[in-house]
Protein chains: 2
Amino acid sequence: MSNLQTRRPAPTLEEVAAEAGVSRSTVSRVVNGSSQVSPEVLATVGAAIEKLNYIPNRAARSLANRQTMAIALVVPEETTRFFGDPYFAAIVHGITMGLEPSDYVLNLQLAGATSPSPKTMRYLLGGNVDGALVVSHHSGDHFLSSLDETIPVVFGGRPLRHAEQNSYYVDVDNAAAAAKGVDHLVALGRKRIATIAGPADMPAGIDRTEGWRRSLQNAGLPADLISYGDFSMVSGARSMRELLDRAPDLDAVFVASDLMATGAVSVLRERGLSIPGNIAVMGFDDSPAAIGGDIQLTTVHQPSIEMGRRMAETLLALLRGETPERICIMETRIVQRESA
Amino acid sequence: MSNLQTRRPAPTLEEVAAEAGVSRSTVSRVVNGSSQVSPEVLATVGAAIEKLNYIPNRAARSLANRQTMAIALVVPEETTRFFGDPYFAAIVHGITMGLEPSDYVLNLQLAGATSPSPKTMRYLLGGNVDGALVVSHHSGDHFLSSLDETIPVVFGGRPLRHAEQNSYYVDVDNAAAAAKGVDHLVALGRKRIATIAGPADMPAGIDRTEGWRRSLQNAGLPADLISYGDFSMVSGARSMRELLDRAPDLDAVFVASDLMATGAVSVLRERGLSIPGNIAVMGFDDSPAAIGGDIQLTTVHQPSIEMGRRMAETLLALLRGETPERICIMETRIVQRESA
DNA sequence: CTGAAAGCGCTTACAG
DNA sequence: CTGAAAGCGCTTACAG
């Protein structure tokens, strides 16, 4: 910032109008792509804009038309977890791609696992964003209800709370996807199939566990080996140890996220167990974590990037006043690699 | 968004003034914490604000005082890498903490490894943010120069380009820190010490390599075993394989980031080499990646969270018109765990 | 298709 | 310590 004070002020609509010899209204129209402008005027004004390097003032625009052109990305999650899981990377990647063609900017709102700060609340509810994208929410996230009542919101993953029954969201059929994953282990001939589950206060946690249970019941196998993690690598390792201690005859494990599976794999190696020889491992996500380690994870693929993109597109549609599908359920599939 | 259209408009300054029986100017003063207000009026206005649940309109405020109260977080990096490395988690965590007490919001600008989109450029240069924080920049990031000339910018890590010679930044002494790490390996009696280096277009990559070289030279050891990675886990694995093939007598490796070290460790295990028995591994960062795997990494600790916080604080100071230290170099130390 | 005018909700000298 | 007034840079009916 070599010359903070010597910068000359940015050109205004007024100046462009003067340059082009038209009224401010007209310039505003061309800036906003109105069709009500004659070709000649359009050209003249365009040239003036070009010449002066005019960029509309966001604040003035917002004040006049009551749109902020900002979207909040709300993450009710600890920073560490948010950044620690490649799954989020994919979602956010998709979101930024989906927002790219629009004029909206993305405001990052790390809410913390419990509830957001008063400052964040005021920001979100105070008309500072036109809409919000919520990723990774827990059942305890009460505050989201009030958000949902104030501005358009699109969730990544089915909201759990009753108050959010009419919410927009994009998700996969977690139960069916998990069942499909466990079916694969069953087809491999495994008999003692455990699960390292996700948190019981998150839909993705609950539903994947439900899928595991359902598949085992269909196969007439016991569904008693479950240990809960929090989607982190260390929790995956912890759960794997616990499961191994509890059931030494274990021959397969369905893990609710690739990151947890990575932790589980390290414990398996530590104990000298071969994968999938002794124990087959099925992950979930198909995130970079699945292929980052020394053993390539067989896993249930969900299109995380696409999901992020769809979230953005749905919100954009809502903001345009359209009525997109309230629920978008995307496809999953098994990706077979080395671990099962 | 149950009732997008039925919401009643938010209260304005005007209404608060009416409620309190004072002028708009006065309400504005109390909202902005001016000392020029009598205690009684302060109380009355405060009550009115409370009663109406008044929240100042950001756009109007920005338009009037020419401040956006927004800060851009610019990441000239692929989304995948940004989210894949826990180091960034720590930095961003620190940044959000540093910004917390302020009224600034953080706008996420993923710039892509090459250069940002025209849209992003216009946004950044068009007066939409009051300042910017830049993390992980490469020597090829030309666009940053223009940014730096337009608004206050604080870099995470020493900028490489000449045009940014006067930039503000917070960093560690990467060369000294790396040398310290390698000294530790030397003290362990290791003779063939390789390095898995960071990218040669990033200061952190260059300087850590320099530190490795310096330490080896001091010890009279050859500094010929080097393989470049890109700070990702897979690149760490790739480099480890290459080094092993090139020099089977290797007995230690200094890895420029914990995440790369994690990849290296998996290759070492794959080859049946014991750590640190056969090969000692020294990481860098002391991020969660150092303790997430099955072997706890000995590593060079840098205070990433604090660095993020300092970045935020420095920018805040700049925005207040103060003149903080241009360069902030923070302490590092060796954290000894299992791998060396 | 184009322009004059009012208005969006604040801040900020300027008086007093 | 307080208020009247101008102004920030746009958009948007309303006329024509």
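By convention in this document, chain letters (A, B, ...) are assigned in the order of the sequence lines, proteins followed by strands, and residues within each chain are numbered from 1.
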Review point. Okay, side chain of B:Ser62, backbone of B:Gln67: is any donor-acceptor separation there less than 3.5 Å?
Key: yes

Point to revise | Side-chain heavy atoms of B:Val170 within contact of B:Phe155, under 4.5 Å | key: no

**Study point:** Side-chain (B:Thr314) to main-chain (B:Arg310) donor-acceptor, under 3.5 angstrom
**Key:** yes

Practice item. Kindly say whether B:Met69 contributes a backbone atom to a donor-acceptor pair with the side chain of B:Asp130 at under 3.5 angstrom? Key: yes

Practice item. Would you confirm whether A:Ser28, through its side chain, and A:Arg24, through its main-chain N or O, come within 3.5 Å as a donor-acceptor pair? Key: no

Check your understanding: Heavy atoms under 4.0 Å, any strand shown: does B:Arg66 hit a base, just sugar-phosphate, or nothing?
Key -> sugar-phosphate

**Study point:** Position toward the 5' end of DNA chain C (nearest nucleotide), A:Ser38 or B:Ala60
**Key:** A:Ser38

Revision key, fill the gap. Assert: residue with more 5' nearest nucleotide on DNA chain D, out of A:Ser28 and B:Arg29, is B:Arg29

Point to revise | Base-pairing string, 5' to 3', of DNA chain D - Watson-Crick or wobble, under 3.5 Å, | interstrand | key: |||.||||||||.|||

Practice item. Starting at CG of B:Leu108, measure out to CG of A:Leu106 and round the result to the nearest 0.5 Å. Key: 6.0 Å

Review point. Just checking B:Ser25: base, sugar-phosphate only, or nothing, at a heavy-atom cut-off of under 4.0 Å?
Key: base

Practice item. Please list, by residue number, the residues of residues 39-49 of chain B whose heavy atoms come closer than 4.0 Å to an atom of DNA chain C; answer none if no residue qualifies. Key: none

Check your understanding: If you take all heavy atoms of B:Arg326 and B:Asn166, which pair is closest and at what distance?
Key -> CD-O, 3.3 Å

Review point. What are the bounds, 5' to 3', of the part of DNA chain C that sits under 4.0 Å from heavy atoms of chain A?
Key: C:dC1 to C:dG9

**Study point:** CD on A:Gln109 to CG on A:Leu73, rounded to 0.5 Å
**Key:** 8.5 Å

Exercise for review: Mark yes when over 12 heavy atoms from residues, nucleotides or ligands other than B:Asn32 sit less than 6.0 Å from its CG; otherwise mark no.
Suggested key: yes

Exercise for review: Can you establish whether the number of heavy atoms outside A:Glu325 located under 6.0 Å from its atom CD is more than 12?
Suggested key: no

Review point. Should we count CD of B:Glu50 as having more than 12 external heavy atoms under 6.0 Å?
Key: no

Check your understanding: Hey, does B:Val22 reach any base, or is it just sugar-phosphate, or nothing, if we go heavy atoms under 4.0 Å?
Key -> sugar-phosphate

